[in-house]
Amino acid sequence: MTTLWQACLASPPYSIYTYEAPADLPKLMEGQRVLVPLGRSVRVAFLIEKTDTTPENIELKSIIWPLEKEPLLNENHFNLYRNIGTRQMQPLGKVLENVVPKRFRSAKVSFKVADRSFPARLKAMDIVRLSVEKRMELVDIYDQGRMNVSLPASIEKEDYVSLTCDPPWPVRPNAARQLQILEYIYENGPREKGFLKNIMGDWTAGVIKKLHSDSLVKVGAAPEEERNPSEKCSVTSAQWDFVPSRQQEKAIEELNSALDTGKSAVKLLHGITGSGKTLVYMTAARKCMEQGRSVILLVPEIALAYGLWNSLCPLFPDTRKYLYHGYQTPVRKEAIFRTLAEDGKPALIVGTRSALFLPVRNPGLIIIDEEHDESYKQEERLPYQAKEVAYVLSRMTDSLLVLGSATPDIKTFYAGSQGAFDVISMGKRVGKSVLPKVKVIDTSSIKDPEKPFAPETEARLKEVVEKGEQAVIMLNRRGFSPLIYCTDCEEPFKCPHCNVSMTYHKARERVICHYCGNAYPFPLPCSTCGGSNLLPLGGGTERLEEQVAKALPPDTRILRMDRDSTRRQEKLDEILKSFAKGNAQVLVGTQMLSKGHNFPGVTLVVVAEGDLGLNLPDYRSAERTFQLLVQVSGRAGRGDKPGEVLIQTRNPDNPIWGAVTSADYKTFFEKEIEKRRRFRYPPFTKLTLIRISHPLGWEGENLCPPFFNIIKDAAKEAGIMAMGPVPAPLSQLKGRKRFNCLLKSDDWMKTRKLYAEIVRRSPDKKQIRITMDLDPVNML
DNA sequence: AGCACGCCGACT
DNA sequence: GTCGGCGTGCTC
C-alpha cells in the first residue's frame with residue numbers, strides 16, 4: 001500500500017514536498033531521515049508527517065530509502081526547530097540546515113549490503129532502479145541490520161585556497177593582486193575561491209591559478225580545525241570534597257526543590273564574581289542526573305567550555321559526558337549527535353550555544369552561565385537567541401532552566417523582579433576573598449598620546465610588580481593604532497569596502513580592516529592623495545604592551561591576550577597557563593580578559609579607557625559597559641590578597657561610575673530601567689532592527705528612497721513606531737551600502753508581519769538584502 | 001545543494 | 001569549430 005509523506009529538504013530550496021512511500025520500502029517514521037529524488041539529483045529530507053492530500057498538477061516521486069532505523073530527531077527537537085523557524089520567519093529546512101551537523105545532510109551516501117544477491121555497495125540511484133521483488137528482498141536485509149549507510153570520509157568541497165609557505169613570498173614586488181590574495185589568506189586563514197572573488201573581484205580566478213602553478217598556494221579540502229585540543233581530561237580524582245558555603249547551600253536547596261517538582265521552571269542565579277556559581281551548577285547537575293535526566297551546561301565561548309570541562313570531568317567520573325561546540329570535526333559532531341539521539345540515558349553536555357540543538361532525549365536541567373553574554377545571540381545565517389531557545393526547550397521538556405550571572409541582562413533581571421521567575425542572590429564571595437576596591441581615575445587632563453596611564457595608575461602598577469604580585473590591564477581595542485592619518489591630505493586611511501578606519505598592526509606590518517579582514521602591507525601610500533606620510537594615531541593593546549614595558553622595570557614580564565595573540569586555541573591556553581603560573585607579572589588584553597578566567601594571583605586590574613563603548617549609538621551601551629567593567633573588576637583579588645581596580649576615564653562625571661565602583665548591580669539596574677522606561681526601550685517595547693543593504697555603486701540605488709517611504713507608511717499603518725530607514729552607523733560594510741530601520745512594537749507578530757510586507761514590496765529582490773534582527777544586540 | 005541549460009572566451 | 005568556464009533557473 002502506498003502512503004504519502006510530507007518531507008522537509010534540509011538544503012535549498014528548503015521546501016516541504018510530498019513524496020510517495022510505496023510498499024517496497026522499510027518502515028518509515030516521523031523525524032527519520034530519508035533519501036528523496038529532487039529534479040535530477042538525490043537529497044536528504046526529514047519526514048514530517050503522513051498525509052493524504054496530493055498537491056495538484058504534480059507527478060509525485062517516491063522516497064528512495066531511509067537513512068536510519070530510529071528517527072534522528074525526536075518530537076521535542078523537531079518542535080523546537082519549528083519554533084525557531086516560526087520566530088525567524090524561516091522555513092524549517094533552513095533551520096535544519098543550521099542545526100543538524102553537515103554529515104547528516106549530505107546525500108553522497110552509499111549502502112553497504114551484506115548479502116550475496118546484491119552488490120556490496122549500492123548508491124541511491126541503484127536502489128531506484130531495482131525491481132519491486134528485489135526491493136522487497138532488500139527490505140528484509142535492511143530489517144535484519146545487514147544494510148548500513150556509509151559516507152565518504154570527506155564531504156567537503158575541494159576549493160579552499162590555502163598557503164603553502166609563510167611570507168616573504170617570492171613574487172614580483174609589484175604583483176599587487178597576488179600579494180593581496182596571499183596576505184588576505186595569511187591574515188584570515190584558508191578561504192573558498194568564491195569567497196575571495198566576492199570580496200576582491202572577478203580577477204581572482206586567474207591570479208589563484210597563477211599562484212597555484214607557482215605552488216605558493218594549494219587548492220583543496222577545508223583544513224582540519226586547529227581549535228580542537230584533546231578532550232581527554234588529565235585529572236582522574238573522583239572525589240566530591242567541596243563544602244558549600246551557607247549561601248551556596250541555600251541556592252542548591254532551591255534548585256534541588258525545583259528539580260524535585262519535575263516541572264518546567266526558570267531560576268536566575270545572581271551571584272557576584274567569585275561567589276562560586278560553578279559549584280552550585282555542578283551540584284544541581286549531579287542531582288538532575290541522579291533523577292535519570294540529562295543536563296546541558298552552556299557557556300559563552302569555546303575557551304570557557306574547555307576550562308569548565310577540565311574542572312568538571314574529575315567530579316563526574318562515571319557519567320556520560322560530552323563537550324560540544326561548532327568548531328569540532330564533522331565526524332565528532334556526527335558521533336555526539338547520533339549517540340544522544342539514539343540513547344536516552346542521562347548525559348552531561350558542556351558546550352556553546354549550538355549544543356542546545358543536540359537531540360537530547362530527556363533533558364532535566366539547562367544551565368546558561370554568564371547569561372548576559374552577547375555570544376548567546378547568533379547573528380549570522382539563522383539568527384536566534386540561545387536563552388530563548390533554551391526557554392522553549394525547557395517548557396517543552398518540563399525541565400529547569402538556570403540563568404547565571406554576576407551582571408544579569410537588564411531584561412532578564414527585570415522579568416525576575418516582576419515575578420516572572422525566582423531570583424537567587426549570592427552576594428558574598430566564597431572563602432576569604434572579598435570584592436576588590438574600585439577607583440575611578442580622571443585622565444581628561446592627559447594630552448600626551450604616549451602616556452596611557454595617569455601618574456597614580458603607573459605608581460600602583462610599579463608597586464604591584466615590585467611586590468611580585470600580578471596585574472591585568474584591559475584596553476578593549478586590538479592592534480597597534482586604530483587610526484592612520486595622512487598628514488598631507490588630512491584624511492584617515494579607510495577600508496575601501498567598509499569605509500571605516502583601518503587599524504595598524506605593527507608586528508605584522510599590516511593595516512587591517514577589523515570589519516571585513518582586508519589587509520594591506522604597511523608602509524603604503526595614502527589611498528586619497530598618494531602621499532607617503534601616514535601617521536598611526538591612538539592606541540590598541542599592541543601599542544599598550546609596548547608602553548607598559550617602557551613604564552615598568554625592564555625585567556618585568558608582560559603577556560598580551562587578544563584575538564591576534566590567540567589566533568590558535570593552544571596559544572590562548574598557553575597564555576592563560578603561563579600567567580596563572582606567575583611566569584609574567586602583567587597581562588595586557590582586550591575584553592577577552594573579562595570572561596570567566598580565574599587568576600588567583602591578580603591584585604590589580606587597570607582599565608585603560610573605561611569610556612570605550614560608552615558612546616556607541618546603542619541603547620545598551622551603558623549596560624554593556626557596566627557588565628564589562630564589573631566582570632573585569634571581578635578578576636582582581638580572587639586569591640587570598642585583596643584586589644584593587646583602577647578605571648581610567650575622560651568623563652569622570654558620568655553617573656555610571658557610581659554603580660561600577662560599588663559593583664552594585666541593583667543601583668545600576670534601577671537607574672537603567674528608569675531610562676529604558678522613559679525612552680521606551682526593551683524591556684518596555686519589542687525592539688527590532690531591519691537591516692537593508694545593496695551593493696556599492698549599484699545602478700538601482702534610486703529605487704531606495706521611494707521604497708523607504710513605502711516602509712514608513714507600512715509601519716504607520718501597522719501601528720509600529722519606525723525610526724528610519726537611515727544610513728547605518730557603519731554605513732558601508734563588505735562592499736555594501738547599509739541602512740537601518742528601528743521598529744518599536746508591542747507585539748512580535750505584528751513586527752513579523754510588517755517585515756514580511758517589507759520584503760514583499762522590495763523593488764529588487766536580488767540586489768537588496770533585507771534582514772530582521774529581533775531584539776538586536778548589535779545596532780551598528 | 002545539485003544539476004540542467006545557455007552564453008561567452010581559449011584552445012586542439 | 002568544440003571544450004569548459006560560470007551565470008541563471010528549477011526542483012514534490
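Both backbone and side-chain heavy atoms feed into the values below; hydrogens, waters and symmetry mates do not. Just so we're on the same page: letters track the sequence lines, and every chain starts at 1.
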Any donor and acceptor pair, going by atom type alone, linking the side chain of A:Lys387 with main-chain N or O of A:Tyr376 inside 3.5 Å?
-> no

Which whole-number value in Å describes the distance from A:Tyr14 OH to B:dG2 C1'?
-> 13 Å

Identify which nucleotide among B:dG2, C:dC12, B:dA4 has an atom closest to any side-chain atom of A:Arg40, counting heavy atoms from C-beta outward.
-> B:dA4

Can you tell me the distance, in whole Å, between the NZ atom of A:Lys50 and the P atom of C:dC12?
-> 23 Å

Determine the interplanar angle of the A:Trp698 and A:His694 rings, folded into 0 to 90°, and report it as parallel if under 30°, tilted if 30 to 60°, perpendicular if over 60°.
-> tilted

Taking the side chain of A:Pro55 as heavy atoms from C-beta outward, which of C:dT11, B:dG2, C:dC12 is closest to it?
-> C:dC12

Nearest-Å distance, CD (A:Glu97) to P (B:dG2)?
-> 10 Å

Between C:dT11 (P) and A:Leu60 (CG): distance, integer Å = 14 Å

Would A:Arg146 count as a cation-pi partner of A:Tyr142, with NZ or CZ less than 6.0 Å from the six-membered ring centre and within 45° of the ring normal?
-> no

Length of the CG-P vector between A:Leu35 and C:dT11, whole Å | 21 Å

When rounded to whole Å, the CD1 to P distance for the pair A:Ile64 and C:dT11 reads 17 Å

Test: A:Lys123 cationic atom under 6.0 Å from A:Phe111 six-membered ring centre, within 45° of axis | no

Name the closest nucleotide to the A:Ser41 side chain, picking from C:dC12, C:dG9, B:dG2.
-> B:dG2

How close or far is atom P of C:dC12 from atom CD of A:Gln6, stated in whole angstroms?
-> 14 Å

Quickly work out the A:Ile63 CD1 to C:dT11 P distance and round it to whole Å.
-> 19 Å

